[in-house]
**Student:** 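Structure provided below as structure tokens; questions to follow.
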Amino acid sequence: MAKQLVMFISKFEANYGSRVREYFPGYSIKAITEQVSMVALAADLTKRTGAQDAIVCCAHLTKLLAKYHDKMLDVKKISAHSYRGSVFYAFGVKFLILGTTQFLVYNKQDQWLFRRYAQKITNPNFPVFPELDWRVLNPTNIDQFYEEAKSALLMSIDIETAIRKVNPAYTQMTEGRNKFSGMWFMGYPTATAKKMVPIIPIITMVGYTILLRTHDGKLVSKTGVLYINSMIDIVYMRRFNALEAPKVMQNGGYEATYFARYNAPARNYLYDTYIAMHAWLVELSRDLAFITSLFDGGYIYWKQEAEHNLAEYNAKDCHNTLWSMVHIISQWPQWAVDNYTENFRMQFPCITCGIEGFAVNQTEMTRLRVEREKLVEKNIKRLEKLVCVGFNPNSSQQVLKLMHGLGFKKAKSTDKATLADFIDSHPLYDIIGNLIKEVRKDRKAISTYFTLPLMDGRLLYELNPGGTDTGRLASKASNLWCGTQIQNQPLYTKSMYVADPGYVLNSADNAQSESRCTAYMSEDAGLMEAVESPLDFHKTNSTKFFGLKYEEITKPIRDTGKKVNHGANYNMGARVLLQTMGRKAVVQAARLLNLPRNWGLIDICEYLLQCFDNAYPDVRGKYYKEVIQEVMSTGMLKGATGWTRRCFEVPSKENKLVLNSYVAHGPQSLSVKIINKTFFEAWLYLQIEKSLLRFKAQVHDDLIWQDKPEHTASNAEWISSRMARPTTVRGREMVIPNDLKTGGSTWLELKD
DNA sequence: TGATAAGGCGCC
DNA sequence: AAAGGGCGCCTTATCA
């Protein structure tokens, strides 16, 4: 006899019920579409059908169950979505939250999730995490907990942090210096604060879960939470962190940043749930609650609890980090292990780069800011005269109204491309449009790059090896509430980033890194020839695109070739190419290439893209087909270094954006995997073992470091030669040469 | 007032 | 109908 199951689903989604049934083969499912007012009623309805299990696809009952489970909950504040995968027991019924069903039709991630979550009912062996066993650590129990932790098989760590305002008395300068410099800094006390005040980031609490084996071989865990209020607490934190047991954290880069400040490094940090899920299911979300929902058959969403009981919340984080890692290790496939092995180690150079940061010449920073502020002031005055007092060029809404008001009706947005079109359309537009452009650029410079909270005169940041789908590093502001991301610094800021006293700055930049990868991955003969040519890459492209001799390639033609190459690489359509090139450039290109006078702008752009396809037919032809084929048949994309991406989407000509992201993946991923190999090796040998240099950052195809002048030549040779090691791509040896720049006193000096 | 979405834009 | 890849940060506008 079929097992009974009840499905609570809103009447609006009732049609999708059949989709849900597919995930429960062998079950007889009765759908209930009426809104029940109480959990007890839902349980009663379930039991009346003879079922003991219910699946919940509607937000209404989800919220009732959440409230039933946690009476403190403010139902208005929660989203039912975050409870997906939760299992509630109430009145003798097991309720599994599955969530909304309407996207099941085409959303592969939802399909995968439903399959996974359904097993919490269909598979009696679905693992359930042990019950949380936790205590606040205090003088009566901490030493015993420490003794037990000594024999832990695995130990998770999680910290809670806070920003505290600093008494200004402690920020006074004596003899030109403040003795607490580097502990506090001028920053924003809340995420939305407008004014900088002296603040200090601190650890308020650290939690540990230890994994132990009992006499009869069972795995059990215990969790201890330590409030950090005194120096004694810090000493205990140092001792726990220094224990032999392998550590696991959820994105431990965060913890590591704080531990560095407390001189409390976590020893044997070998496991990371965040980096592990990045290695395995990179396209899925990676927050701890979501990860836990995948592995714990008894999971209940807990992230709303932080405000009620921070210590218990912290304990749950630790507990779930530990047990998630245990189950990841028992379930992930070999290729994910290989990914992890290749990528987890990048955490360490990333951490040292971010906590050391970049020294900033603050006199230069101020000079650059004041320069821009004057420009803004001048241009705003002119704009107010031309438009109206109070006109704000940073308001897209105001600018759009202005464009429409001046008769430029076709504007749909006010971005760069539209603004360029606007400027080209009328002499008056030209004046106003350029003023808008200028003010935006200057304000961007001021707000994003010249008004930065610095830590003791340094820009701090994070580099995150688990932050992107392709394996590139992601970058953002420091976890210490200062700095900003380091990978999008414009050229005009680079004069304010300087080497530390006694050091010089250096960089090694992989030349045409992604284009080389595209050439070798697609095996396009023409593109391989172009990237290997000793001549200028974009001029060479232009000869192939436009059938001209190398000597005939003028700068405007080279620029056209560059843009066409760029556009085709990302599989642009003619319309978008027109937008990015701008009308003027397209008209000019048509004239330079003697294209028929009667062609429209789109015709010209289509022709230009066709030039790329004629020159390099295997890129958008053969290679794209192969990518589609690989994803459709294996659900994965495997790169030349072995890095493998699990793909959930379906690429096709009809699904252009998905196709674009998958065809862009290969070269972007391979390029960064190649440079990261050298980044790690150089960091380990030259920085950690030999103390001969200090890395500043990796910017996708660029490594930046500082060293003492007497070590520059040998370090540069060490790094440059290894960056240029061959990689086998589809049976061919690919070498990416690099440009070395050495001996700079500022970052700007490393640029041409 | 604080949170969020959308628009815009910096880099490779 | 048409769709440029990968990121993070800042501003404006809006809403509760």
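Letters A, B, ... are given to chains in the order of the sequence lines, protein chains preceding strands, and every chain is numbered from 1.
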**Student:** Between Lys303(A) and Asp287(A), does any NZ, NE, NH1 or NH2 come within less than 4.0 Å of an OD or OE carboxylate oxygen?
**Tutor:**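 The answer is no: the pair does not qualify as a salt bridge.
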
**Student:** Can you check the Lys412(A) NZ to dA1(C) C1' distance for me, whole Å?
**Tutor:**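 One finds 12 Å between C1' of dA1(C) and NZ of Lys412(A), rounded.
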
**Student:** Under 3.5 Å, side chain of Asn339(A) to main-chain N/O of Thr644(A), donor-acceptor pair present?
**Tutor:**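 Between the backbone of Thr644(A) and the side chain of Asn339(A) there is a qualifying donor-acceptor contact (under 3.5 Å).
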
**Student:** Assess whether a salt bridge exists between Lys494(A) and Glu749(A), defined as any Lys/Arg side-chain N lying under 4.0 Å from an Asp/Glu carboxylate O.
**Tutor:**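 Salt bridge flag = no for Glu749(A) with Lys494(A).
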
**Student:** Would you indicate what Gln698(A) reaches in the nucleic acid, counting non-hydrogen atoms under 4.0 angstrom: base, sugar-phosphate, or nothing?
**Tutor:**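 Contact class for Gln698(A): none.
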
**Student:** Decide, yes or no, whether a salt bridge links Asp509(A) with Lys741(A) under the criterion of side-chain N to carboxylate O below 4.0 Å.
**Tutor:**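 The answer is no: the pair does not qualify as a salt bridge.
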
**Student:** Hey, does Gly567(A) reach any base, or is it just sugar-phosphate, or nothing, if we go heavy atoms under 4.0 Å?
**Tutor:**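 Touches nothing.
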
**Student:** Does the Glu384(A) side chain pair with the main chain of Gly390(A), one donor and one acceptor, at a distance under 3.5 Å?
**Tutor:**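 Flag set: sc Glu384(A) to bb Gly390(A) pair under 3.5 Å.
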
**Student:** State whether Asp702(A) and Lys751(A) are salt-bridged, where the test is any N-O pair (Lys NZ or Arg NE/NH1/NH2 against Asp/Glu carboxylate O) under 4.0 Å.
**Tutor:**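 So Asp702(A) pairs with Lys751(A) through a salt bridge.
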
**Student:** Along nucleotides 6-16 of chain C, 5' to 3', which nucleotides get a B, which get an S, and which get a -, given that the test is a protein heavy-atom distance under 4.0 Å?
**Tutor:** BSBSSSSSS--

**Student:** Counting the atoms with a prime plus P, OP1 and OP2 as sugar-phosphate, which does Ser671(A) contact under 4.0 Å by heavy atoms, base, sugar-phosphate, or nothing?
**Tutor:**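 Nothing, no heavy atom under 4.0 Å.
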
**Student:** Contact boundaries of DNA chain B with chain A (under 4.0 Å, heavy atoms), 5' to 3'?
**Tutor:**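 Terminal contacting nucleotides, 5' to 3': dG7(B) to dC12(B).
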
**Student:** Counting the benzene-type ring for Trp, do Tyr274(A) and His278(A) have ring centres under 6.0 Å apart?
**Tutor:**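 Judged by ring-centre distance (under 6.0 Å), Tyr274(A) and His278(A) do not meet the cut-off.
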
**Student:** Under 4.0 angstrom, heavy atoms only, what part of the nucleic acid is His665(A) near: base, sugar-phosphate, or nothing?
**Tutor:**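 Nothing, no nucleic acid heavy atom in range.
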
**Student:** Show me, range against range, the stems involving DNA chain C, built from at least 3 consecutive Watson-Crick or G-U pairs below 3.5 Å.
**Tutor:**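 So far as stems of 3 or more pairs are concerned, DNA chain C shows B:1-12 with C:5-16.
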
**Student:** Fit a plane to each ring of Tyr616(A) and Phe612(A), take the angle between them on a 0 to 90° scale, and name the class: parallel (under 30°), tilted (30 to 60°) or perpendicular (over 60°).
**Tutor:**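 Rings of Tyr616(A) and Phe612(A): perpendicular, as their planes differ by over 60°.
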
**Student:** According to the interplanar angle, ranging from 0 to 90°, do the rings of Phe408(A) and Tyr429(A) count as parallel (below 30°), tilted (30 to 60°) or perpendicular (above 60°)?
**Tutor:**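 Ring orientation, 0 to 90° scale: perpendicular.
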
**Student:** Under 6.0 Å from the ring centre and within 45 degrees of the ring axis: does the NZ or CZ of Arg646(A) meet both conditions for the six-membered ring of Phe648(A)?
**Tutor:**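 Yes, Arg646(A) lies over the aromatic ring of Phe648(A).
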
**Student:** According to salt bridge (charged side-chain N to carboxylate O under 4.0 Å, His left out), does anything in residues 433-443 of chain A pair up with another residue at least two apart or in another chain? List the pairs.
**Tutor:**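 Counting only pairs at least two positions apart or across chains, the salt bridge (charged side-chain N to carboxylate O under 4.0 Å, His left out) contacts touching residues 433-443 of chain A are Arg372(A)-Asp442(A).
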
**Student:** Considering only NZ, NE, NH1 and NH2 on the basic side and carboxylate oxygens on the acidic side, decide whether Arg367(A) and Glu364(A) come within less than 4.0 Å.
**Tutor:**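 Between Glu364(A) and Arg367(A) there is a salt bridge, with a charged N closer than 4.0 Å to a carboxylate O.
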
**Student:** Mind listing the residues from residues 505-523 of chain A sitting with a heavy atom below 4.0 Å of DNA chain C? Number order is fine.
**Tutor:**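 Residues of residues 505-523 of chain A that come under 4.0 Å of DNA chain C do not exist, since none gets that close.
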
**Student:** Within residues 604-626 of chain A, which residues have any heavy atom lying less than 4.0 Å from an atom of DNA chain C?
**Tutor:**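 When residues 604-626 of chain A is checked for heavy atoms under 4.0 Å from DNA chain C, there are no hits whatsoever.
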
